[in-house]
Structures are given as C-alpha cells and as structure tokens.
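Structure first, commentary second.
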Amino acid sequence: MVEEIGTTTEGDLIINVGPQHPATHGVLHLVITLNGETVKKVEPHLGYIHRSIEKMCESLTYRQFIYVTSRMDYLSSHINNHGCALCVEKGLQIEVPARAQVIRVIMDELTRIASHELWWGAMAMDIGAFTPFFHAFRERESINDIMEETCGARLTMNYMVPGGVMIDIHPNFQKKVKDFIAFYRTKMNESDELLTGNIIFQNRMKGVGLLSKEDAISFGCTGPTARGSGLNCDIRKLYPYEIYNSVTFEEVLETSGDSLARYMVRLREIKQSINIIEQLIDNIPEGDFQAKTKAVLKLPKGEFYSRVETARGEFGVYIVSEGGTTPYRIKFRSPGFANLSALDHMARGSKLGDLVAMMGTLDLVIPDIDR
Amino acid sequence: MFEVYDLSFMWSLSNITQTINSWLNQTFSPTWALIFEMVIVGICVISLFAILGLVLVLMERKVSAWMQIRLGPNRVGPKGMLQSFADTLKLLVKEGLTPNGADKFLFNLAPFIAMIVAMLLMAPIAFARDFKMWDMNIGVLYVTAVSSISVISILMAGWASNNKYSLMGAMRSGAQIVSYELSAGLAILSIVVLTGSLNLNDIIQSQANGWWIFKGHIPVLISFVIFIIAVTAETNRAPFDLAEAESELTAGFHTEYSGMKFALFFLAEYVNVFIVCAIGATLFLGGWMPFHIGNWQGFNHIMDYIPSSIWFFGKTFFLIFLIMWFRWTFPRLRIDQLLNLEWKYLLPISMFNIILVTAMAILGWHF
C-alpha cells in the first residue's frame, strides 16, 4: 500500500522539483515543502552541473580562460566573454579600437534580444502556453544566423578577445542586422497579442511573487529581476563601459515588483536594445577590430574587477594576479545565483503553480548559477 | 415542372441496420440474433474508439503545428498520416511498468475504467440519421451520469501510483471535475427545458426547423459558451489541464504509466473530447440536422443533399478544433483561479440563465 513518506512532522508534503523536471530548465533541484497547494518553503539544492570553471580558469592563460566563460551563462555568452575581456584589458591597460567597441556593443545587444526572446518562450511554457515558445525561437534563430555568419558559432561564440574582437564582421552583417530589425518590428506586437494581453496570463502574473526594492537590494538581485522592483541597477547606465555612455537608451524600470513587472521590464528592454543597435549599425567606424597585443599576456600583480550587464543582471569578473601568465585566483559574480536566492522569500505562501511562474520570471540559467 | 421529393429519408442509414437486423432474426433464434448484434456493435465501438484516437491525435498535432509555425508530423505515410499508427505500435510493444510500492490492482485497473467510461458514453450518440447504438429515453441523464465516473479512474491512478505528483494531479482533477460538472449539467439542462425531453433523438428532431443556438436567443448562447468552458475543464484540457500540468506536476496523474496503460489514458482523453463535442453538437448545433434557413427552399434542398453523418462529424470536429485552439493559445489557470471561475462566475451565471431559459420555454418566446 501507499506509504506516508516524505512528509514533515506537521504533515506537510515535501516534494522534489528537479533535478530532472520540466519547470527547472536544467538541473536545478528545489526541495519544496507544501501544505496542500500552498508553498511553505523552497530550498534550492545546487551543484548538479558544477564544473569548477573558476578553478579551471586558474590553469588557463588570459587568452584561454575567456572561452570557458561562454559555458556559464550560455544564453548571454557574448556578454560573459565581454566582461572577462574588459577585466584583462583593465589590467593590461589596452586601448580597444573604436570599431571593436561598437561591434562589441552591437553583439551584446543582439545577445540580449536573443536571450530575452528565449526567456519569453520558456516562461510562457512554464505557465502552460506552448505556442509562444516556437514564435520566440523563430526570432532567435535569425539572431543565431547573424552570429553564425560572423563568429562561426551559434551558442558559445567566443568572439571577444583581449583588445577587441577575434575577426572582423562579415560583409553581410550590417544588412542582415537591419533586415532582422525590420522583421522583428513586424513581429513585436505578436507577444502582446499572444500572451501579454491574455486575461488568464494577467491574472497569473499580477500581484504574484512580490519582491520589494529593499528585499531586492538585500538579496543582491540585479538585472531585470531587480529593475522590476524599481531598483536602478543597470550597469550600462551606472558604470558605463565601452560606448554605452554615448548611445541614448533608457533604463527600463517598473515599480510594482511582481511577476508582471519583471515580465514587462524584459519586453521593454528588447525595444531598448533594438534602439541601441539602430543607433550603431550604420555608424560602425573604420579601423582595426583588434588592438595590437603581445603574444603572451601577463597581468601585473594586483586585483582587477570589471562588471557588465548581462541579460540576467550584473556579471562581475574578479581576477587576482601574481604577475604570471595565468590568474592566481578568479571569481565570477553570476547574476543567477543572487536572483535565485530571492525565490524562497518570494514564493512563501503562494501556490505551486505560481512558484513555477515566478521561477520563470527570474530567468534562471542553471550553468550560470553552478558554474 | 419540379417534382419535390421528400428528402426526410435521404441518407438514412436505417436501411442497412434494418437489413442486418432482419437477416439475423430470420437466420438465428432471437436470443442469438441479439447476441450477434451486441458483438457487432461492440466491434464497431472498439474500432471507432481506436480510429477516433488516432485521428484526433494526428489532428491535434497538425493543429498545434499550424499554430506554432512548424510542419508537424510529415514523415510516416503521406503527409504524416500514419504517424499515429507508428506511435501506437511503439506504445503497444513498450513495457508497462508498475512502480514499486504501487497498489498493483488499482494501478492496472485505472486505465481500463477510463477507457470503459469513454466507450460507454458513445452509446446514446446519434452519428447519423437513424444511426445510433442505443435509443434510450434518458440519453442526456445517461451521459451526465456516466461521464462522472471518469473522475474515479483519475483518482484511482493518482492514488495507486505512490507518487506525489500523481496524487496532487488526481486531487486537482477531482476538485475540478466535480465543480465543473455542475455548470455543464446546468447548461445541458437548459436544452432539456426547451425540448421537454431527455432523449437525444427528440432533441435532434426538435431542431429540424433551426438549431437551438439560433432559436434560443441569448440565454442558449450563454449556455453554449458555459458548456464549452465546462467540458474543456471536465476533459482536463488546457487552459484547465491542471491535473497534468507539465511544468508543475511533470505529467500529473499518469506520471508513472507507460506503454499501453498510458496509451489508454491518452486515447480516453481524446475520445472524451470527441464525445463532449458530439454532445455539444447534438444539443446546440442540431446533431446530424442540416443547416436550414427559413423559407429558402432551394438552399435547404442543397443542404439536405449533404449526408447527415457529414453534418454530424463536421459540427463535432468544428467544436474539437475550438477546444484545440484553446489549448494551443491559452496559458494555464491556477488552481484557486480555476475554482473561483466555476463557483463565483460560471455557476451563478448558469443558475440565473436556467431561470431565463425556463421563462422563455414557458412563454414560448423561442422560435
């Protein structure tokens, strides 16, 4: 007969969501204490995809370690590479050519659009709508095609190198990006028609998974998750890198702090990214795509930190150098880890279905959390 | 000069059934004739069950592919038509696992109950003019009563699986089906009030001069909408598929089922969709009755030439398409929202609506 196992002393049900579960988008393991349908506690268990990337980086040279970081947050691999390249450039005081800076920013923003598109589809799937997933992938495919042509890869691009970008852009690049933007503008209201305006969707998202501004700060949330709570935390605005201070875009903020706010932040961020790309795509300056660097890079003795805004939030790279060809110690500040820590606080007292929706709006990428 | 034929017996399948009946009665004793007829009907139901399952699965995959800008199955057979056969064959030869700690008897019984309920529900449905298995005088009552049994199979599967996801899915499903049966019942009742009969045949005959959805003004239209919402919930289809919410409960009550046992649940779900749509088509859209417009004699005659089975299946598949459309475009509701929708909105509206329909029936305001 059925045994009563996996219950607490108060008779609450303990269920394991993950590491293999359709809602966790990877190998996240959540131990959930349930009272009926109501969530009492969420305990994330990590480490199922831990590859000790930080330790690996200690035995790789400053040119090599950048490629490993593509495997962390694989949806914004360009931006991870960018952060690492920035940190190395900071240490060596390399001046990046203007052309490379513009290319980097365009690539970053394309990555951000692709990442947000995939998130949109995956989150819709979390709350039970399948069709948006395929529509999102259609748009993401055209970005991947653009990436493939220039970088040679579709997911882990490894395009950024210390001093610039690896190779010059493909001759078709500008035309393809413009075509994509024109195509995307025709499809933009599809997301509203399919999902945002739906009354079931609105009821599922509004007032659910509340995260106040203070909580967002204390949990260390960044990116769209924190901006949904009204926290100014866009690194592109606060600590502009590359040419972000010379392009005009607005930091997207929503104040209600619920799931719908986080959703709207990401949708509006896509529009801002398109805005940035449109400003830059016709104005890519001529010149080198890569600064002249030495064959073997040696960072001076010291500590270096750089941060960039990925699609999920602030990504920080902290390098301790002893003056050798490899970092002495390296630490990545991944946005997903901090964002996940807020899940328990947000989910307590809500229904199981909402927990899944909240997890969707946090936009978790598990290899980014585990590294 | 035109010679106007009486078209009322056109496309009637009663000739065939009566021929078989009289031949059996002449050849065998009445008892044996009855037994043979039962066997024939049984074989018909089982084959219809299988064919409907295969067709509906393929239809669902094609409809979803169409909505999701992809092609859908297109490899097995012409345009992927045989994909369902290949899938069924795969499920047939798969091992049917019974998990450790499961209640073996109930675990293995549950899918058969689901299937038997779906088969029983086919009995009173008129598939064409004079073509049904059992002309019973309480057809509507029979359908509502038998369809309630399906919740037992789901609860049984959820309980016996010894799996927390299954149990939660089953409990959700129990709450959902019990709630939404009320609205579905009241929506059906409005047609019973208007026709004054529980016999599905009488209900179809009463729509000879117009379908109830046109004759019954707004109250019947409201009933129809409530009926569609309620049966979508009763058959556990999205946006009410909480019993098998993939992202929350992996697969809900049938998480632990594999092979043919899973396939029986799967087929029963699709056949249930077909049956509720057939009931909806019978009650509101006139069953096999052709579409007539008032005194347009020519138009009505052309409509009469279309076989009655085509009318019936056309209407039914239109409703099935509607339900599939819901599934592929709506997100899922939450459990409390689901029950709120029923108890706070649908039930009061249908109760008020049944009063309106009753008043309309008494005063004879319908056409």
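All figures in this text were calculated on a predicted structure; none of them were measured in a lab. Per chain, numbering begins at 1; letters A, B, ... match sequence-line order.
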Nearest atoms (heavy-atom pairs only) where A:Phe134 meets B:Ile69: O-CD1, 4.0 Å

Heavy-atom neighbours of A:Met147 CE exceed 12 at 6.0 Å: yes

Chain A contact via B:Asp336 - which portion, at a heavy-atom distance below 4.5 Å: side chain

Crowding at CE, B:Met81 (>12 non-hydrogen neighbours, <6.0 Å): no

Contact origin within B:Ile335 toward chain A - heavy atom pairs under 4.5 Å: side chain

A:Val356 portion near chain B, given a 4.5 angstrom heavy-atom threshold: side chain

Member of A:Asn203, A:Leu352, A:Val208 meeting the side chain to side chain contact (heavy atoms under 4.5 Å, CB included) criterion with B:Arg334: A:Val208

Greater than 12 external heavy atoms within 6.0 Å of B:Phe352's CZ: no

A:Arg204 side chain to B:Arg332 backbone, donor-acceptor under 3.5 Å: yes

Point-to-point distance, once rounded to the nearest 0.5 Å, from CZ of A:Phe130 to CZ of B:Arg327: 6.5 Å

Part of A:Leu355 lying under 4.5 Å from any heavy atom of chain B: neither

Distance, nearest 0.5 Å, that separates CE of B:Met67 from NE2 of A:His135: 9.5 Å

pair A:Asn16-B:Lys164: side-chain heavy atoms closer than 4.5 Å: no

Portion of A:Ile199 that has a non-hydrogen atom of chain B nearer than 4.5 angstrom: neither

Side-chain heavy-atom pair B:Phe330, A:Thr131 within 4.5 angstrom cut-off: no

Exercise: identify the closest heavy-atom pair between B:Thr329 and A:Asn198: O-ND2, 4.0 Å

Toward chain B, the part of A:Met125 with a non-hydrogen atom under 4.5 Å: backbone

From B:Gln337 atom CD to A:Ile200 atom CD1, the distance as rounded to the nearest 0.5 Å: 8.5 Å

